[in-house]
There are 2 protein chains.
Amino acid sequence: MAGKTKTKSKDSTADKRRSKAAIREENEALILRAAEEIFAEKGFGGATTAQIAEYANVPKANLHYYFPKKADLYRRVIEDICNAWLDARNAFDIHDDPAAAIGGYIRVKMELSRSRPHGSKIWASEVISGAGEVQEYIQTAVKEWLQDMERQFKIWQDEGRIAQVTPRTFLFMVWATTQHYADFESQINLLNGGEPLDSEEYKKTTEEVVGLMLRSLNIK
Amino acid sequence: MAGKTKTKSKDSTADKRRSKAAIREENEALILRAAEEIFAEKGFGGATTAQIAEYANVPKANLHYYFPKKADLYRRVIEDICNAWLDARNAFDIHDDPAAAIGGYIRVKMELSRSRPHGSKIWASEVISGAGEVQEYIQTAVKEWLQDMERQFKIWQDEGRIAQVTPRTFLFMVWATTQHYADFESQINLLNGGEPLDSEEYKKTTEEVVGLMLRSLNIK
DNA sequence: GTCTATATTTCGATAGAC
DNA sequence: GTCTATCGAAATATAGAC
């Protein structure tokens, strides 16, 4: 817990005393994790630094010591999310077979919605609010990835392996559907009698989504 | 513009002087329209009454005269949105043919995303934030509609007219995809070179979405 | 680095003249 | 019903002792 360690500088036992850099890294991580959750739930405007500090078990003043401005903290959270998403991208390039490539990508996206729902929610909030902070990322990384995908789809279409649809329309459907399981979590739970899907149900749902998507492209 | 009309009570020309009730209705509508847009962009916490008042061309004090609490205003906006969504529901019950029924519903949802994107965005923000204000609506109206749909899907499935998939998984896909075109408008525009889809492109996209969805159920 | 106390700003809400 | 001026609460941010 940040602020509880009173390590005097005289205590020179090397492995007991953490360097300032290590302390900083540790506390920043603590705050970032809390911030991701609070920002996801309340949005940038709705979240307060006091809430985030409390959730992270850090005095409010310390939060401002590490992240002077609330907006700084928010940007760092966004940055981390973008980095996590860059990984999911790569789940595509491995296979030449459309069923394996597309199915694999959908499974990765579904897994990401399960493991990092907060990231997806913050992304959605950002885009709903006009995409101010993620604009550049969309115009570069996302756009390039989309164009790569469109080229690959064109090849598959020319080979007659998938249906003739605007790739973008299909990919938007994939994004929308997979992220729905993160962003609309609370709605899904309410419709499921208040209970979240257990991992068995989620796995089954994932395979159904894959099945629907592949069939929509006439694969198999 | 509210507040600019200085109609003296002496001016008794009946058709020139609007009744207080009419004035109220008019100004409430003005404020509600502005509120829907600002809340959609900023969320409840991020929006300020000052912004809404300015956007509605109404002094801030007047906004609080019509809607004493910010939360009152928000609830009224949510209420209006729910009412609009209740209409879309009914686009299903008309046809016995699954292609016509489902296709028609998707077209209505896509049209709603086009005509009332703010409503969809506010709904999404609410659900992302834990669905506090829409919880009851989800548990009653939405749930009942979903269950009706599941019964209808079961019939079609028993008749062998659509694929054997959990109807809920399919319907979530429909919601996610159609609402994506409202909620992720700014992302879609950025990926489209900064330009929104024109009505021709949107119409084409709608038909592609319908095609993908129906094919995913093995219809046609 | 930590943390109490406080400064500063912003925002929701109201008083009171017209 | 309208609107200027303002209050009071809440939130961001900092000062300064430890």
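Each chain gets a letter, A, B and so on, in the order the sequences are listed, and its residues count up from 1. Owing to the predicted nature of the structure, the values given are computational and were not obtained by experimental measurement. Basis for what follows: all heavy atoms, side chains included, without hydrogens, waters or symmetry-related copies.
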OP1 or OP2 of [N] under 4.0 Å from side-chain N/O of [X]:
X	N	value
B/Lys20	D/dG1	no
A/Tyr66	C/dG1	no
A/His64	D/dA13	yes
A/Thr49	D/dA11	no

Starting from the 5' end of DNA chain D, give me the residue, B/Ala21 or A/Phe67, whose nearest nucleotide shows up first.
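Counting from the 5' end, the first nearest nucleotide belongs to B/Ala21.
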Select one nucleotide: of [options], the one nearest the side-chain heavy atoms of [X].
X	options	value
A/Tyr65	C/dG1, D/dA11, C/dG12	C/dG1
B/Thr48	C/dC3, C/dC11, D/dT12	C/dC11
B/Asn27	D/dT4, D/dT12, D/dT2	D/dT2
B/Ala61	C/dG12, D/dG1, D/dC3	D/dC3

Expressed in angstrom and rounded to an integer, what is the separation of [X] atom [atom1] from [N] atom [atom2]?
X	N	atom1	atom2	value
B/Arg24	D/dT2	CZ	C1'	13 Å
A/Leu63	D/dT14	CG	C1'	13 Å
A/Ile23	C/dC3	CD1	P	12 Å
A/Ile31	C/dC3	CD1	P	11 Å
A/Leu73	D/dA13	CG	P	10 Å
A/Lys70	D/dT14	NZ	C1'	17 Å
B/Ile52	C/dA13	CD1	P	11 Å
A/Asn62	C/dA5	CG	C1'	14 Å

When all nucleic acid strands are considered with a 4.0 Å heavy-atom cut-off, which category describes B/Ala71: base, sugar-phosphate, or nothing?
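Here B/Ala71 touches no strand at all.
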Charged N-O contact under 4.0 Å between A/Glu41 and A/Lys121
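Salt bridge flag = no for A/Lys121 with A/Glu41.
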Flag the pair A/Glu54 and A/Lys60 as a salt bridge only when some basic side-chain nitrogen lies within less than 4.0 angstrom of an acidic carboxylate oxygen.
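No.
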Record whether the side chain of B/Lys69 comes under 3.5 Å of the base of C/dG12 through a donor-acceptor pair of N or O atoms.
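Flag unset: no donor-acceptor pair detected.
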As an exercise, state the distance from OG of A/Ser120 to CH2 of A/Trp123, rounded to the nearest 0.5 Å.
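Nearest 0.5 Å value for the OG-CH2 distance: 10.0 Å.
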Which class fits the ring pair A/Phe170 and A/Phe153: parallel under 30°, tilted 30 to 60°, perpendicular over 60°?
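Ring orientation, 0 to 90° scale: tilted.
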Identified side chain to side chain donor-acceptor pair (under 3.5 Å) counterpart of A/Tyr74 within the set A/Glu126, A/Lys69, A/Glu79
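Single pass found, and it is A/Glu126.
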